[in-house]
Number of protein chains: 2
Amino acid sequence: MVVEHDGTERRAALDDVDRALVQALREDGRATLATLAGVTGLSQSAVQARVRKLEARGVIAGYRAVVDPEAVGLPITAFVEITPLDQSQADDAPDRLRDVPGIEACYSVAGDANYLLLVRVPSPSALEDLLGLIRREASVSTRSTIVLRTYFDGRPVSP
Amino acid sequence: MVVEHDGTERRAALDDVDRALVQALREDGRATLATLAGVTGLSQSAVQARVRKLEARGVIAGYRAVVDPEAVGLPITAFVEITPLDQSQADDAPDRLRDVPGIEACYSVAGDANYLLLVRVPSPSALEDLLGLIRREASVSTRSTIVLRTYFDGRPVSP
DNA sequence: CTTGAAAGATGAACTGG
DNA sequence: CCAGTTCATCTTTCAAG
């Protein structure tokens with residue numbers, strides 16, 4: 001964030017080198033400084049300084065291994081739309097669901113439902129259990145869409 | 001994959017150490033062998049051999065930096081359900097959409113729609129453009145759900 | 001599992017806009 | 001002063017024993 005003279009704040013724009021680094025690290029989160037230096041034409045130290053700044057600014061929020069869900073015993077993936085049963089109730093579904101195992105992502109959305117969850121479970125019956133838990137825990141109704149196949153996921157997207 | 005005596009194949013099950021490694025690398029994709037050795041109680045070399053096997057078996061499919069979409073100029077996220085206009089047409093939507101910029105994920109689903117896409121764009125008008133492109137390119141109708149907020153995403157999930 | 005050599009990351013001192 | 005470079009040192013990785 002950069003504070004302007006008029007007091008407004010803005011995110012410092014990324015230059016071409018930053019974009020190249022972000023792109024490269026999206027494709028390979030373990031790319032070495034030497035590789036990144038080669039890609040950008042900068043020295044390793046300069047690249048390191050850049051990457052550190054991108055991390056500090058939150059542009060790069062972290063690094064993750066991409067794990068095959070089937071290989072770790074979670075072959076069933078589903079999207080679950082949830083809607084509060086009582087709209088007058090406190091709507092703290094994300095807080096309540098944050099630590100429920102099997103829920104990988106939680107988005108609030110503009111549409112029929114209030115929230116959309118991405119869940120992964122070992123079996124259909126485990127999905128039933130999880131849906132029951134979600135309904136009870138967050139006082140919501142659910143509408144699920146089973147994922148049959150993931151064609152691609154986390155594909156790098158450039159602006 | 002392990003071939004059993006009866007000829008069936010199964011994925012070799014992960015033991016506790018493998019699970020701990022996968023978990024640790026999901027949380028920090030750049031964890032060093034020394035760190036992983038500390039977590040598991042194994043030597044660095046043993047850990048390295050394990051991680052290599054997990055990578056070779058495809059349990060760990062790769063490593064990626066987690067990038068803040070807003071910080072790279074993609075503040076609008078949406079889920080787009082797509083349904084072929086003509087069910088008798090060849091259904092190769094994933095292939096056709098694979099290289100369209102802005103599409104981060106593509107799943108085939110069991111539900112009203114055939115496929116579900118996750119897209120990221122710089123602006124509402126860019127979303128209109130992208131939806132038009134998707135409709136033309138894949139001969140589909142679309143139904144979009146805008147993401148208002150991402151509460152959490154990619155949370156490590158254990159089996 | 002241990003070990004030594006190669007590769008990578010880090011920080012200090014230095015250079016130019 | 002900021003961003004980048006080079007160089008020396010330390011850490012991590014990797015393959016051989």
Side-chain angles (χ1 to χ4, degrees), chain A residues 1-68 71-72 154 156 158-159, chain B residues 1-2 11-68 70-73 154 156:
Chain A
M1 215 81 105
V2 175
V3 179
E4 303 290 343
H5 293 137
D6 62 7
T8 61
E9 288 177 349
R10 68 171 170 81
R11 291 180 178 276
L14 303 185
D15 65 15
D16 290 346
V17 175
D18 286 333
R19 270 191 289 274
L21 292 173
V22 167
Q23 179 77 8
L25 285 168
R26 275 200 65 133
E27 286 168 17
D28 177 9
R30 299 202 71 142
T32 66
L33 294 179
T35 305
L36 297 174
V39 169
T40 57
L42 295 180
S43 70
Q44 290 192 18
S45 298
V47 165
Q48 186 180 39
R50 293 254 190 176
V51 172
R52 276 200 207 297
K53 278 183 192 169
L54 290 169
E55 290 166 354
R57 286 166 54 191
V59 177
I60 295 175
Y63 302 89
R64 291 226 174 88
V66 180
V67 176
D68 175 8
V72 295
S158 32
Chain B
M1 218 76 108
V2 175
R11 292 179 179 277
L14 303 184
D15 64 16
D16 291 345
V17 174
D18 286 333
R19 270 191 289 273
L21 291 173
V22 166
Q23 180 78 8
L25 286 168
R26 274 198 66 132
E27 286 168 16
D28 176 10
R30 299 201 72 141
T32 66
L33 296 179
T35 305
L36 298 174
V39 169
T40 56
L42 267 59
S43 71
Q44 291 190 14
S45 303
V47 166
Q48 184 177 41
R50 291 257 190 175
V51 173
R52 274 207 215 296
K53 277 183 194 168
L54 291 169
E55 290 167 354
R57 285 166 57 191
V59 176
I60 295 175
Y63 301 89
R64 276 207 239 284
V66 180
V67 175
D68 175 9
E70 292 195 24
V72 295

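Chain letters run A, B, ... following the sequence lines, proteins first and then strands; every chain starts at 1.
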- Query: What's the spacing between R64(A) CZ and L25(B) CG if we round to 0.5 Å?
  - Reply: 12.5 Å
- Query: More 5' along DNA chain D: D15(A) or A34(B), using each one's nearest nucleotide?
  - Reply: D15(A)
- Query: Does R50(A) have any salt bridge (Lys or Arg N to Asp or Glu O under 4.0 Å) partners at least two apart in sequence or in another chain, and if so, which?
  - Reply: D15(A), D18(A)
- Task: Provide, to the nearest angstrom, the distance between the CZ atom belonging to R30(A) and the P atom belonging to dG8(C).
- Result: 13 Å
- Nearest-Å distance, CZ (R52(A)) to P (dA3(D))? 15 Å
- Message: What I want to check is whether the side chains of E27(B) and Q23(B) have a donor and an acceptor closer together than 3.5 Å.
- Response: yes
- Report yes or no: does T40(A) contribute a side-chain atom to a donor-acceptor pair with the main-chain N or O of L36(A) at less than 3.5 Å? yes
- Please name the residue in the list I60(B), L54(B), L14(B) that meets the side chain to side chain contact (heavy atoms under 4.5 Å, CB included) test with V72(A). L14(B)
- Between CZ on residue R26(B) and OH on residue Y63(B), distance to nearest 0.5 Å: 13.0 Å
- Task: Check DNA chain C against residues 41-51 of chain B and give the residues with a non-hydrogen atom under 4.0 Å, in numerical order.
- Result: S43(B), S45(B), A46(B)
- Query: Can any side-chain N or O of R30(B) pair as donor or acceptor with the backbone N or O of G29(A) at less than 3.5 Å?
  - Reply: yes
- Message: Just to be sure I understand the geometry, which residues of residues 17-29 of chain A put a non-hydrogen atom under 4.0 Å away from DNA chain C?
- Response: none
- Note on the structure: Here the distance between atom P of dA9(C) and atom CG of L33(B), to the nearest Å, is 13 Å
- Side-chain contact, heavy-atom cut-off 4.5 Å: V59(A) with D68(B)? no
